[in-house]
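The block underneath contains the structure these notes are about, expressed in structure tokens.
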Amino acid sequence: FGSLLASTSKRFNVEICVLSLQCENGDWDLHGDIDGLVQEKVEGSKLFKVLLRRAMPTVIPDAQLSHALKDDALVAAVSGGPQLRFYVETPLADGKGRIIGALILADRTP
């Protein structure tokens, strides 16, 4: 997936491009350039967990302005995380409409 995600990141001019696929056991497997995304911060993120279960694209122009995300591990400066600001996620579905993953674009600038 590396070259596809790298070209997507370049095309949309974002620092982070991740493909998340749901495993058979229900966990999420991350692929791509996750520089600055520490696995335990991703797993503990409200942003990541809630949005992956939605069946529609989500765009957050500046996550640091969201009261609901102010303490999120991927957004908050105090958490030592990447301090994401811009976040876009679109779900990926199989032929039967089941969500099997998501394409995520993110950046530290809005």
So which heavy atom on [X] is nearest to which on [Y], and how close?
| X | Y | result |
| --- | --- | --- |
| C17 | S9 | CB-CB, 3.8 Å |
| T8 | L4 | OG1-O, 2.8 Å |
| A102 | E89 | CB-CG, 3.9 Å |

Can you name the residues that form a side-chain contact (heavy atoms from CB on, under 4.5 Å) with L21, not counting sequence neighbours?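 Listed in chain order: F1, L19, H31.
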Cluster companions of V14 among Ile, Leu, Val, Met, Phe, Trp, Tyr (side-chain spacing under 4.5 Å): F12, V59, F86, V88, L105
Inspect the surroundings of CG in N13 and state if more than 12 heavy atoms from other residues, nucleotides or ligands are less than 6.0 Å away. no
Side-chain donor/acceptor of S7 to backbone N/O of S3, under 3.5 Å: yes
Enter the distance from R98:CZ to I100:CD1 here, rounded to the nearest 0.5 Å.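 One finds 9.0 Å between CZ of R98 and CD1 of I100.
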Measuring from I16:CD1 to I104:CD1, what's the distance to the nearest 0.5 Å?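 Atom-to-atom, I16:CD1 and I104:CD1 are 10.0 Å apart.
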Residue pair R85, T109: steps toward the side chain to side chain contact (heavy atoms under 4.5 Å, CB included) verdict: CA-CA 6 Å; R85 309 258 326 252; T109 58; 5.8 Å; no
Contact between L5 and L103 at the side-chain level, heavy atoms closer than 4.5 Å - yes or no?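 Answer yes - side chains close enough.
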